[in-house]
Structures are given as C-alpha cells and as structure tokens.
Amino acid sequence: MDITIHTTFLPHDDPDASLAFYRDVLGFEVRSDVGQGRMRWITVGPAGQPDTSILLAPPAADPGITEDERRTITEMMAKGTYGWILLATPDLDDTFERVQAGDTEVVQEPTEQPYGIRDCAFRDPAGNLVRIQELR
C-alpha cells in the first residue's frame, strides 16, 4: 500500500487572522482560499512541499452537527483543546524566535523533553496548539 498525508484539517474562527499566522508568521504558501466572510476554506502548506497541506476551515459549517455540538466546538476552540498540529524544523531556536516575533501566544519555549525530543509550542489565532519539534 502506498499512502501519503495530503491534507489535514484545523479549524478557524477568524479566517484573516489564521491566514496571517500561517502565511506571514510560519511562511506557508496559500494554495487556495474559497468562500467569503467567516465561511472561508483556506488551504496552506510549506513551501517546497506541494503535496502536503493544511485546510483551515470553519468548524461549525458542517450541516451534520447539532447546535449543541457547535457550542461544544466553540467552547473547545476557546480553551485551545479542539485542534492541534505537530510541525518540525531543523533549527528550533531560530524558528521559535521568528514565530514569537509574530506576536503569537507562546505555550512552551524550546524544551528538551524526557522522551527524547526538543520542541516548543504556540497557539494559532483560533486557539489550535501548534507544536514544533526539532529535527535531529
């Protein structure tokens, strides 16, 4: 079997703020931006990796969820417990400094973890946890 990761999903509640974070702070390319207002589906991805993308989407747009589920999603996003992603970089210190300079919420400064990795963490504008590991 030959399977790759093509696109993963992260929710947004402010498409412009999310776009600014992923494009301007992390340096991702914008691959598509469809919809209007707060109902936008934005696909971004790292430069040089055209086959890997993140879809930033309005989570409450799914017609198959109930109003209670929409409220739960909104509450979880506000707490930062709904979505997260793990990224990697060869230079964690430089990446941390650049992301921190983007006026983002720092969750964890670069730290050597007891399980053998060094990483840091931020929250994106929607509250999603963005962990960045150092490639070794």
Side-chain angles (χ1 to χ4, degrees):
M1 204 173 339
D2 183 7
I3 299 175
T4 61
I5 296 173
H6 181 265
T7 305
T8 190
F9 156 87
L10 283 177
H12 74 67
D13 54 3
D14 181 337
D16 291 324
S18 290
L19 179 60
F21 176 78
Y22 286 94
R23 179 192 60 209
D24 303 336
V25 175
L26 293 184
F28 285 2
E29 299 173 331
V30 177
R31 309 245 166 93
S32 69
D33 185 346
V34 298
Q36 54 188 296
R38 293 178 95 60
M39 299 301 284
R40 284 168 55 197
W41 288 258
I42 304 165
T43 304
V44 297
Q49 296 180 42
D51 296 333
T52 303
S53 299
I54 299 169
L55 173 62
L56 305 170
D62 186 338
I65 61 175
T66 67
E67 285 305 314
D68 284 342
E69 290 167 332
R70 281 185 177 81
R71 276 191 294 282
T72 298
I73 290 168
T74 300
E75 290 168 5
M76 291 178 71
M77 285 177 66
K79 291 185 344 185
T81 59
Y82 186 69
W84 64 279
I85 192 164
L86 181 58
L87 305 174
T89 183
D91 188 343
L92 186 64
D93 293 319
D94 181 63
T95 299
F96 177 82
E97 293 300 323
R98 289 174 183 243
V99 176
Q100 184 181 33
D103 196 29
T104 59
E105 179 186 345
V106 175
V107 175
Q108 174 201 301
E109 293 189 7
T111 303
E112 189 71 38
Q113 300 293 351
Y115 40 88
I117 64 160
R118 186 166 179 259
D119 70 353
C120 65
F122 297 90
R123 292 224 184 274
D124 77 2
N128 299 306
L129 184 65
V130 178
R131 294 198 75 83
I132 306 174
Q133 290 183 344
E134 185 171 58
L135 294 172
R136 296 184 177 174

(Q) Could you check whether Asp93 pairs with Arg118 (Lys NZ or Arg NE/NH1/NH2 to Asp/Glu carboxylate O, under 4.0 Å)? (A) yes
Q.
Side chains of Pro15 and Trp41, heavy atoms from C-beta outward: is any pair under 4.5 Å?
A. no
Q | Separation of Ile42 CD1 from Ile54 CD1 (nearest 0.5 Å) | A | 12.0 Å
Q: Tell me whether Leu55 is reachable from Ile85 by hopping between hydrophobic residues (I, L, V, M, F, W, Y) whose side-chain heavy atoms are closer than 4.5 Å.
A: no
**Q.** Approximate separation, where rounding is to 0.5 Å, of Glu67 CD and Thr72 OG1
**A.** 11.0 Å
Q: Could you tell me which non-hydrogen atom of Ala121 sits nearest to which non-hydrogen atom of Leu129, and how far apart they are?
A: CB-CD1, 3.9 Å
Q) How close do Pro11 and Ala126 get, heavy atom to heavy atom, and via which atoms? A) O-CB, 3.5 Å
Q: Check Thr43 against Ser53 and note the closest heavy-atom contact, atom names and distance.
A: CG2-CB, 3.5 Å
Q | Flag side-chain contact, heavy atom, 4.5 Å: Glu29 against Arg31 | A | yes
(Q) Please say yes or no: joined through hydrophobic side-chain contacts below 4.5 Å, possibly via intermediate residues, are Ile73 and Phe9 part of one cluster? (A) yes
Q: Could you pull out all residues at least two apart from Glu97 that satisfy side chain to side chain donor-acceptor pair (under 3.5 Å)?
A: none
Q: Step through the shown structure and confirm whether more than 12 heavy atoms of other residues, nucleotides or ligands are within 6.0 Å of CD1 on Ile5.
A: no
Q: To the nearest 0.5 angstrom, please state how far the NZ atom of Lys79 sits from the CZ atom of Arg123.
A: 11.0 Å
Q) Linking I/L/V/M/F/W/Y whenever any side-chain heavy atoms sit under 4.5 Å apart, do Phe28 and Val30 land together? A) yes
(Q) To the nearest 0.5 Å, what is the distance between CG on Asn128 and OH on Tyr82? (A) 9.5 Å
**Q.** side chain to side chain contact (heavy atoms under 4.5 Å, CB included), paired with Val99, selected from Leu87, Val130, Thr89, Thr104
**A.** Thr104
(Q) Starting from Phe122, can I reach Leu56 by hopping between I/L/V/M/F/W/Y residues whose side chains sit under 4.5 Å apart? (A) yes
**Q.** Heavy atoms of other groups near Gln36 CD, more than 12 under 6.0 Å
**A.** no
Q: Spell out, yes or no, whether Ile65 and Leu10 are grouped together once hydrophobic residues are joined by side-chain heavy atoms under 4.5 Å, including indirect joins.
A: no
Q.
Treating Gln108 as the side-chain partner and Asp119 as the backbone partner, does any N or O pair qualify as donor plus acceptor under 3.5 Å?
A. yes
**Q.** Closest contact, heavy atoms only, Cys120 versus Leu92
**A.** SG-CD1, 3.6 Å
Q. Tell me the side chain to side chain donor-acceptor pair (under 3.5 Å) pairs involving residues 1-16, sequence neighbours left out?
A. Asp16-Arg40
Q: Check Arg136 against Gly116 and note the closest heavy-atom contact, atom names and distance.
A: NH1-O, 3.6 Å
